[in-house]
Amino acid sequence: MNAFLSPSECNLDAFIIQLDKNLLPTEVPLAHDIQKKIPIYDVSKLDLNKDSKALRAEWANVLRNSAGVFVLKNAFQETACIDAASEIFNQIITDEKSEAKVDHFAASGANDRIWNSAQKLCLLNPKVFAQYFGNLAISTACEAWLGPNYQVTSQINLVRPGGKAQSPHRDYHLGFQTTDDAAQYPAHVHDLSPLLTLQGAIAHVDMPIESGPTKILPFSQIYRHGYLAFKQPDFIEYFEKNNVQLPLAKGDALFFNPALYHGGGANLSSNIQRMANLLQVSSAFGVAMETLDRESMSRALFPILKDNTVHLSTFEIDAAVTACAAGYSFPTNLDASPPVAGLAPETQANLLRRALSEKMSQTEFEKALKTLKTRKIP
(Lines give C-alpha, C1' and ligand atoms only; values in the text may rest on other atoms or scores of the structure.)
Protein backbone atom coordinates (compact mmCIF):
# COMPACT_ATOMS: atom_id res chain seq x y z
CA MET A 1 0.00 0.00 0.00
CA ASN A 2 1.43 3.35 -1.07
CA ALA A 3 2.16 5.56 1.93
CA PHE A 4 1.71 8.71 -0.19
CA LEU A 5 -1.11 10.07 -2.31
CA SER A 6 -0.52 11.47 -5.78
CA PRO A 7 -2.45 14.16 -7.69
CA SER A 8 -2.41 11.81 -10.69
CA GLU A 9 -4.56 9.36 -8.70
CA CYS A 10 -7.43 11.85 -8.34
CA ASN A 11 -10.46 10.45 -10.11
CA LEU A 12 -13.69 12.35 -10.54
CA ASP A 13 -15.75 9.21 -11.11
CA ALA A 14 -14.55 7.73 -7.81
CA PHE A 15 -15.32 11.05 -6.13
CA ILE A 16 -18.86 11.08 -7.52
CA ILE A 17 -19.49 7.51 -6.34
CA GLN A 18 -18.60 8.52 -2.78
CA LEU A 19 -21.03 11.45 -2.98
CA ASP A 20 -23.91 9.29 -4.15
CA LYS A 21 -25.42 8.89 -0.71
CA ASN A 22 -28.59 9.92 1.08
CA LEU A 23 -28.83 10.98 4.69
CA LEU A 24 -31.52 8.93 6.39
CA PRO A 25 -33.45 10.16 9.44
CA THR A 26 -32.35 7.04 11.31
CA GLU A 27 -28.73 8.22 10.97
CA VAL A 28 -29.49 11.53 12.72
CA PRO A 29 -32.28 10.72 15.20
CA LEU A 30 -31.78 13.96 17.15
CA ALA A 31 -32.11 16.17 14.05
CA HIS A 32 -35.35 18.08 13.50
CA ASP A 33 -35.10 18.20 9.71
CA ILE A 34 -32.94 17.18 6.77
CA GLN A 35 -32.66 19.52 3.80
CA LYS A 36 -30.46 18.84 0.78
CA LYS A 37 -28.72 16.01 2.69
CA ILE A 38 -27.85 18.38 5.56
CA PRO A 39 -29.18 17.68 9.08
CA ILE A 40 -30.75 20.62 10.86
CA TYR A 41 -31.03 20.92 14.63
CA ASP A 42 -33.29 23.47 16.31
CA VAL A 43 -31.42 24.49 19.46
CA SER A 44 -34.60 25.91 20.98
CA LYS A 45 -35.94 22.34 21.07
CA LEU A 46 -32.79 20.71 22.51
CA ASP A 47 -31.73 20.20 26.10
CA LEU A 48 -28.02 20.84 25.70
CA ASN A 49 -27.26 19.84 29.27
CA LYS A 50 -29.25 16.61 29.32
CA ASP A 51 -28.53 15.48 25.75
CA SER A 52 -24.98 16.80 25.36
CA LYS A 53 -23.23 13.42 25.13
CA ALA A 54 -25.70 12.01 22.60
CA LEU A 55 -25.55 15.18 20.50
CA ARG A 56 -21.77 15.20 20.51
CA ALA A 57 -21.67 11.59 19.35
CA GLU A 58 -24.20 12.25 16.59
CA TRP A 59 -22.50 15.43 15.39
CA ALA A 60 -19.07 13.79 15.36
CA ASN A 61 -20.41 10.99 13.20
CA VAL A 62 -22.07 13.46 10.82
CA LEU A 63 -18.82 15.41 10.46
CA ARG A 64 -16.58 12.41 9.90
CA ASN A 65 -18.61 9.66 8.23
CA SER A 66 -21.77 11.26 6.88
CA ALA A 67 -22.85 14.60 5.42
CA GLY A 68 -19.85 16.44 6.86
CA VAL A 69 -21.98 19.43 7.84
CA PHE A 70 -24.88 20.38 10.10
CA VAL A 71 -26.90 23.49 10.85
CA LEU A 72 -27.88 24.76 14.30
CA LYS A 73 -31.05 26.81 13.98
CA ASN A 74 -31.47 29.32 16.79
CA ALA A 75 -27.96 28.71 18.08
CA PHE A 76 -28.41 32.18 19.57
CA GLN A 77 -31.97 32.23 20.81
CA GLU A 78 -31.45 35.79 22.02
CA THR A 79 -29.74 37.76 19.26
CA ALA A 80 -29.05 40.98 21.17
CA CYS A 81 -25.41 39.99 21.60
CA ILE A 82 -25.21 39.28 17.84
CA ASP A 83 -26.42 42.81 17.14
CA ALA A 84 -24.05 44.28 19.73
CA ALA A 85 -21.12 42.36 18.25
CA SER A 86 -22.12 43.42 14.70
CA GLU A 87 -22.05 47.06 15.77
CA ILE A 88 -18.54 46.60 17.16
CA PHE A 89 -17.37 44.73 14.06
CA ASN A 90 -18.76 47.40 11.74
CA GLN A 91 -16.81 50.02 13.67
CA ILE A 92 -13.65 47.93 13.38
CA ILE A 93 -14.20 47.66 9.62
CA THR A 94 -14.50 51.44 9.42
CA ASP A 95 -11.38 51.95 11.53
CA GLU A 96 -9.36 49.46 9.46
CA LYS A 97 -10.46 50.81 6.07
CA SER A 98 -7.11 52.55 5.59
CA GLU A 99 -5.35 49.15 5.66
CA ALA A 100 -5.17 46.94 2.59
CA LYS A 101 -6.80 43.70 3.70
CA VAL A 102 -5.81 40.46 2.00
CA ASP A 103 -8.41 37.72 1.70
CA HIS A 104 -7.64 34.08 0.91
CA PHE A 105 -10.21 33.82 -1.86
CA ALA A 106 -11.02 37.36 -2.99
CA ALA A 107 -9.11 40.40 -4.10
CA SER A 108 -8.41 43.04 -1.47
CA GLY A 109 -11.42 45.31 -1.17
CA ALA A 110 -13.90 42.82 -2.63
CA ASN A 111 -14.90 41.74 0.86
CA ASP A 112 -14.49 43.30 4.27
CA ARG A 113 -12.53 40.95 6.48
CA ILE A 114 -11.63 41.29 10.16
CA TRP A 115 -8.80 39.02 11.12
CA ASN A 116 -8.62 37.90 14.75
CA SER A 117 -12.12 39.13 15.45
CA ALA A 118 -12.32 37.10 18.68
CA GLN A 119 -9.46 38.98 20.34
CA LYS A 120 -10.61 42.33 19.04
CA LEU A 121 -14.13 41.78 20.36
CA CYS A 122 -12.85 40.62 23.75
CA LEU A 123 -10.53 43.58 24.25
CA LEU A 124 -13.02 46.17 22.99
CA ASN A 125 -16.05 44.81 24.84
CA PRO A 126 -15.44 41.79 27.10
CA LYS A 127 -19.07 41.86 28.24
CA VAL A 128 -20.32 41.25 24.71
CA PHE A 129 -17.60 38.62 24.23
CA ALA A 130 -18.83 36.77 27.33
CA GLN A 131 -22.42 36.81 26.09
CA TYR A 132 -21.39 35.81 22.57
CA PHE A 133 -19.03 32.94 23.36
CA GLY A 134 -20.77 31.82 26.54
CA ASN A 135 -22.97 29.82 24.20
CA LEU A 136 -23.67 26.17 24.95
CA ALA A 137 -24.67 25.28 21.39
CA ILE A 138 -21.36 26.57 20.04
CA SER A 139 -19.29 24.94 22.78
CA THR A 140 -21.10 21.61 22.39
CA ALA A 141 -20.40 21.59 18.65
CA CYS A 142 -16.72 22.36 19.26
CA GLU A 143 -16.38 19.62 21.87
CA ALA A 144 -18.15 17.14 19.60
CA TRP A 145 -15.32 17.32 17.08
CA LEU A 146 -12.32 18.47 19.10
CA GLY A 147 -12.94 17.44 22.69
CA PRO A 148 -12.12 19.75 25.60
CA ASN A 149 -9.59 22.58 25.64
CA TYR A 150 -10.28 23.59 22.03
CA GLN A 151 -8.95 26.99 20.94
CA VAL A 152 -11.29 29.46 19.26
CA THR A 153 -10.15 31.80 16.52
CA SER A 154 -12.56 33.72 14.31
CA GLN A 155 -12.67 36.09 11.37
CA ILE A 156 -15.51 38.35 10.31
CA ASN A 157 -16.39 38.14 6.63
CA LEU A 158 -18.68 40.83 5.22
CA VAL A 159 -19.69 40.27 1.61
CA ARG A 160 -21.52 43.19 0.08
CA PRO A 161 -24.06 43.08 -2.78
CA GLY A 162 -22.21 42.10 -5.93
CA GLY A 163 -19.54 40.21 -3.98
CA LYS A 164 -18.20 37.29 -5.99
CA ALA A 165 -18.32 33.63 -5.00
CA GLN A 166 -15.30 31.84 -3.62
CA SER A 167 -13.68 29.01 -5.50
CA PRO A 168 -14.38 25.59 -3.95
CA HIS A 169 -11.78 24.54 -1.44
CA ARG A 170 -10.86 22.60 1.66
CA ASP A 171 -9.59 24.39 4.73
CA TYR A 172 -6.69 24.50 7.15
CA HIS A 173 -4.33 22.64 7.64
CA LEU A 174 -3.61 20.78 4.38
CA GLY A 175 -6.13 22.88 2.50
CA PHE A 176 -3.80 25.85 2.88
CA GLN A 177 -0.86 24.06 1.25
CA THR A 178 -0.04 23.97 -2.44
CA THR A 179 -0.89 20.72 -4.17
CA ASP A 180 2.81 19.84 -4.44
CA ASP A 181 3.38 20.54 -0.76
CA ALA A 182 0.29 18.58 0.29
CA ALA A 183 1.50 15.59 -1.71
CA GLN A 184 4.67 15.49 0.41
CA TYR A 185 2.66 14.55 3.48
CA PRO A 186 1.95 10.82 4.03
CA ALA A 187 -1.55 9.56 3.39
CA HIS A 188 -2.26 9.15 7.09
CA VAL A 189 -1.61 12.89 7.58
CA HIS A 190 -4.31 13.57 4.99
CA ASP A 191 -6.59 11.52 7.22
CA LEU A 192 -5.46 13.35 10.36
CA SER A 193 -5.60 16.95 9.16
CA PRO A 194 -9.42 17.35 9.28
CA LEU A 195 -9.51 16.05 12.86
CA LEU A 196 -7.51 19.03 14.10
CA THR A 197 -9.89 21.83 13.12
CA LEU A 198 -13.61 22.58 13.08
CA GLN A 199 -15.02 25.16 10.70
CA GLY A 200 -18.09 27.16 11.64
CA ALA A 201 -20.01 30.25 10.64
CA ILE A 202 -22.38 32.32 12.77
CA ALA A 203 -24.94 34.31 10.78
CA HIS A 204 -25.05 37.95 11.87
CA VAL A 205 -27.88 38.76 9.48
CA ASP A 206 -30.61 36.81 7.72
CA MET A 207 -29.01 35.08 4.73
CA PRO A 208 -31.47 34.05 2.02
CA ILE A 209 -30.03 32.13 -0.92
CA GLU A 210 -29.71 35.29 -3.01
CA SER A 211 -27.24 36.70 -0.48
CA GLY A 212 -24.85 33.80 -1.13
CA PRO A 213 -24.65 31.56 1.97
CA THR A 214 -21.94 28.92 1.90
CA LYS A 215 -21.99 26.51 -1.04
CA ILE A 216 -21.56 22.94 0.18
CA LEU A 217 -20.97 19.50 -1.31
CA PRO A 218 -22.23 17.00 1.31
CA PHE A 219 -20.12 13.87 1.87
CA SER A 220 -17.14 15.33 -0.04
CA GLN A 221 -14.93 15.25 3.07
CA ILE A 222 -14.81 11.45 2.78
CA TYR A 223 -12.75 11.50 -0.44
CA ARG A 224 -9.21 10.70 0.66
CA HIS A 225 -7.48 12.48 -2.25
CA GLY A 226 -9.55 15.61 -1.72
CA TYR A 227 -6.69 17.90 -0.68
CA LEU A 228 -4.96 17.12 -3.97
CA ALA A 229 -8.08 17.33 -6.13
CA PHE A 230 -9.99 20.47 -5.18
CA LYS A 231 -7.99 22.73 -7.52
CA GLN A 232 -8.36 20.46 -10.53
CA PRO A 233 -10.71 21.88 -13.22
CA ASP A 234 -13.00 18.85 -13.48
CA PHE A 235 -13.57 18.79 -9.71
CA ILE A 236 -14.26 22.54 -9.70
CA GLU A 237 -16.76 22.14 -12.53
CA TYR A 238 -18.53 19.30 -10.72
CA PHE A 239 -18.73 21.33 -7.53
CA GLU A 240 -20.25 24.33 -9.29
CA LYS A 241 -22.94 22.17 -10.88
CA ASN A 242 -23.81 20.12 -7.81
CA ASN A 243 -23.26 22.18 -4.66
CA VAL A 244 -26.16 23.06 -2.37
CA GLN A 245 -26.96 26.08 -0.22
CA LEU A 246 -29.23 26.55 2.76
CA PRO A 247 -30.62 29.89 3.92
CA LEU A 248 -29.61 30.96 7.42
CA ALA A 249 -31.33 33.31 9.83
CA LYS A 250 -29.56 35.68 12.18
CA GLY A 251 -28.31 33.64 15.11
CA ASP A 252 -28.06 30.35 13.19
CA ALA A 253 -24.75 28.53 13.00
CA LEU A 254 -23.27 26.23 10.39
CA PHE A 255 -20.52 23.73 11.29
CA PHE A 256 -18.57 21.54 8.90
CA ASN A 257 -15.56 19.32 8.55
CA PRO A 258 -12.66 21.39 7.14
CA ALA A 259 -12.20 18.75 4.44
CA LEU A 260 -15.72 19.35 3.11
CA TYR A 261 -15.70 20.98 -0.32
CA HIS A 262 -17.24 24.41 0.17
CA GLY A 263 -17.05 28.07 -0.78
CA GLY A 264 -18.86 31.30 -0.05
CA GLY A 265 -21.58 32.07 -2.56
CA ALA A 266 -22.03 35.17 -4.69
CA ASN A 267 -24.10 37.92 -3.10
CA LEU A 268 -26.72 38.50 -5.79
CA SER A 269 -28.92 40.64 -3.56
CA SER A 270 -29.31 44.37 -3.96
CA ASN A 271 -29.26 45.31 -0.31
CA ILE A 272 -28.02 42.50 1.98
CA GLN A 273 -24.72 43.05 3.74
CA ARG A 274 -23.86 39.39 4.35
CA MET A 275 -21.94 39.29 7.62
CA ALA A 276 -20.77 36.01 9.13
CA ASN A 277 -18.32 35.28 11.90
CA LEU A 278 -16.17 32.47 10.55
CA LEU A 279 -15.01 30.22 13.36
CA GLN A 280 -11.83 28.23 12.93
CA VAL A 281 -11.61 26.18 16.09
CA SER A 282 -8.45 24.18 16.75
CA SER A 283 -7.81 21.04 18.73
CA ALA A 284 -5.65 21.47 21.81
CA PHE A 285 -3.24 19.15 20.00
CA GLY A 286 -3.07 21.27 16.85
CA VAL A 287 -1.62 24.62 15.82
CA ALA A 288 -4.15 27.41 15.27
CA MET A 289 -3.85 29.63 12.20
CA GLU A 290 -3.98 32.87 14.15
CA THR A 291 -1.98 34.00 17.17
CA LEU A 292 -4.08 35.58 19.92
CA ASP A 293 -2.99 37.51 22.98
CA ARG A 294 -4.96 35.27 25.30
CA GLU A 295 -3.27 36.76 28.37
CA SER A 296 -4.70 40.20 27.59
CA MET A 297 -8.04 38.64 26.73
CA SER A 298 -8.12 36.80 30.07
CA ARG A 299 -7.30 39.98 31.96
CA ALA A 300 -10.16 41.79 30.23
CA LEU A 301 -12.69 38.98 30.65
CA PHE A 302 -11.97 38.11 34.30
CA PRO A 303 -13.90 40.98 35.97
CA ILE A 304 -16.90 40.40 33.68
CA LEU A 305 -17.13 36.73 34.64
CA LYS A 306 -16.32 37.41 38.30
CA ASP A 307 -19.15 39.92 38.73
CA ASN A 308 -21.33 37.98 36.23
CA THR A 309 -23.46 40.98 35.39
CA VAL A 310 -24.29 39.15 32.16
CA HIS A 311 -26.07 36.42 34.18
CA LEU A 312 -24.35 33.43 32.61
CA SER A 313 -24.85 29.94 33.99
CA THR A 314 -21.90 27.92 35.27
CA PHE A 315 -21.75 26.04 31.97
CA GLU A 316 -21.92 29.26 29.95
CA ILE A 317 -19.11 30.81 32.00
CA ASP A 318 -17.00 27.73 31.29
CA ALA A 319 -17.73 28.08 27.55
CA ALA A 320 -16.61 31.72 27.64
CA VAL A 321 -13.41 30.76 29.51
CA THR A 322 -12.61 28.07 26.94
CA ALA A 323 -13.11 30.51 24.05
CA CYS A 324 -10.85 33.05 25.71
CA ALA A 325 -7.92 31.43 27.52
CA ALA A 326 -5.27 28.93 26.44
CA GLY A 327 -6.46 25.49 27.49
CA TYR A 328 -3.38 23.33 26.93
CA SER A 329 -0.33 23.08 29.19
CA PHE A 330 2.21 22.64 26.41
CA PRO A 331 4.64 23.74 25.08
CA THR A 332 6.23 24.88 28.31
CA ASN A 333 9.46 24.93 30.27
CA LEU A 334 9.18 21.94 32.57
CA ASP A 335 12.18 23.06 34.65
CA ALA A 336 10.30 26.16 35.73
CA SER A 337 6.75 24.86 35.39
CA PRO A 338 6.58 21.31 36.73
CA PRO A 339 3.39 19.24 36.58
CA VAL A 340 0.77 19.99 39.23
CA ALA A 341 -1.38 17.14 40.60
CA GLY A 342 -0.82 15.08 37.47
CA LEU A 343 1.36 15.03 34.38
CA ALA A 344 0.84 18.60 33.18
CA PRO A 345 1.23 22.14 34.57
CA GLU A 346 -1.78 24.37 35.16
CA THR A 347 -3.22 25.90 32.02
CA GLN A 348 -4.16 29.52 31.52
CA ALA A 349 -7.83 28.50 31.27
CA ASN A 350 -7.68 26.54 34.52
CA LEU A 351 -5.96 29.46 36.20
CA LEU A 352 -8.86 31.67 35.11
CA ARG A 353 -11.35 29.12 36.44
CA ARG A 354 -9.45 28.91 39.73
CA ALA A 355 -9.32 32.68 40.02
CA LEU A 356 -13.09 32.83 39.62
CA SER A 357 -13.61 30.05 42.15
CA GLU A 358 -11.26 31.62 44.71
CA LYS A 359 -12.63 35.11 44.02
CA MET A 360 -9.18 36.53 43.40
CA SER A 361 -8.79 40.26 43.06
CA GLN A 362 -7.86 41.66 39.67
CA THR A 363 -4.36 42.36 40.96
CA GLU A 364 -3.93 38.81 42.26
CA PHE A 365 -5.17 37.33 39.00
CA GLU A 366 -2.91 39.47 36.86
CA LYS A 367 0.08 38.57 39.03
CA ALA A 368 -0.75 34.86 38.66
CA LEU A 369 -1.09 35.27 34.90
CA LYS A 370 2.31 36.94 34.71
CA THR A 371 3.90 34.18 36.79
CA LEU A 372 2.36 31.53 34.54
CA LYS A 373 3.75 33.26 31.46
CA THR A 374 7.22 33.67 33.01
CA ARG A 375 7.41 29.98 33.87
CA LYS A 376 6.96 29.07 30.21
CA ILE A 377 10.04 31.03 29.12
CA PRO A 378 13.04 28.72 28.51
Side-chain angles (χ1 to χ4, degrees), residues 10 12 14-41 55-73 75 137-138 140-147 150 166-176 182 189-202 213-231 235-236 238-246 248 252-265 276 278-283 286:
C10 297
L12 182 61
F15 180 65
I16 293 172
I17 289 172
Q18 289 197 336
L19 299 180
D20 187 19
K21 303 175 187 292
N22 286 316
L23 182 63
L24 302 176
T26 53
E27 298 178 67
V28 285
L30 297 175
H32 299 99
D33 195 9
I34 297 174
Q35 295 182 18
K36 301 178 182 179
K37 302 183 181 181
I38 299 173
I40 299 172
Y41 300 81
L55 282 167
R56 282 181 282 146
E58 184 165 308
W59 292 348
N61 185 64
V62 167
L63 291 170
R64 187 172 189 181
N65 303 313
S66 183
V69 54
F70 59 86
V71 170
L72 299 183
K73 300 295 294 182
I138 303 302
T140 302
C142 293
E143 287 195 354
W145 190 237
L146 304 170
Y150 57 84
Q166 293 178 335
S167 56
H169 58 277
R170 283 182 163 190
D171 274 334
Y172 188 77
H173 294 260
L174 278 181
F176 282 20
V189 176
H190 286 246
D191 301 332
L192 172 65
S193 181
L195 303 179
L196 297 174
T197 313
L198 177 65
Q199 299 298 131
I202 299 171
T214 305
K215 300 185 294 182
I216 292 166
L217 200 57
F219 297 96
S220 56
Q221 84 285 358
I222 298 172
Y223 186 58
R224 200 179 195 196
H225 287 71
Y227 289 108
L228 306 178
F230 71 81
K231 296 177 184 177
F235 282 80
I236 294 174
Y238 182 85
F239 175 88
E240 296 300 348
K241 290 181 178 179
N242 294 278
N243 71 80
V244 299
Q245 294 171 282
L246 289 182
L248 298 176
D252 291 349
L254 172 79
F255 284 98
F256 54 92
N257 185 315
L260 189 80
Y261 278 41
H262 68 281
L278 307 181
L279 304 183
Q280 189 172 69
V281 191
S282 293
S283 164

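In this text the structure is predicted, and so the values were computed from the model without any measurement.
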Taking the side chain as every heavy atom from C-beta outward, state whether [X] and [Y] have any pair of such atoms under 4.5 Å apart.
X	Y	answer
K73	I40	yes
P168	L217	no
E58	Y41	yes
V62	V28	yes
V244	P218	yes

Set of ring-ring contact (aromatic ring centres under 6.0 Å, His included) partners for Y150, sequence neighbours left out = none
Can you name the residues that form a ring-ring contact (aromatic ring centres under 6.0 Å, His included) with F255, not counting sequence neighbours?
-> F70
Is a side-chain N or O of [X] found less than 3.5 angstrom from the main chain of [Y], in a donor-acceptor match?
X	Y	answer
R56	A144	no
E27	L24	yes
Q166	G264	yes
N61	A57	no
T140	A137	no

All side-chain contact (heavy atoms from CB on, under 4.5 Å) counterparts of T214, not counting sequence neighbours = I216, L254, H262
Evaluate the ring planes of H190 and Y227, with Trp represented by its six-membered ring, and classify them as parallel (under 30°), tilted (30 to 60°) or perpendicular (over 60°).
-> perpendicular
Can you label the angle between the Y261 ring and the F239 ring as parallel, tilted or perpendicular, going by 30° and 60°?
-> tilted
Got a second to check how far Q18's CD is from I222's CD1, nearest 0.5 Å?
-> 6.5 Å
Less than 6.0 Å separating the ring centroids of F15 and Y223?
-> yes
Test side-chain contact (heavy atoms from CB on, under 4.5 Å), reference I202, set L248, L278, I138, output is I138
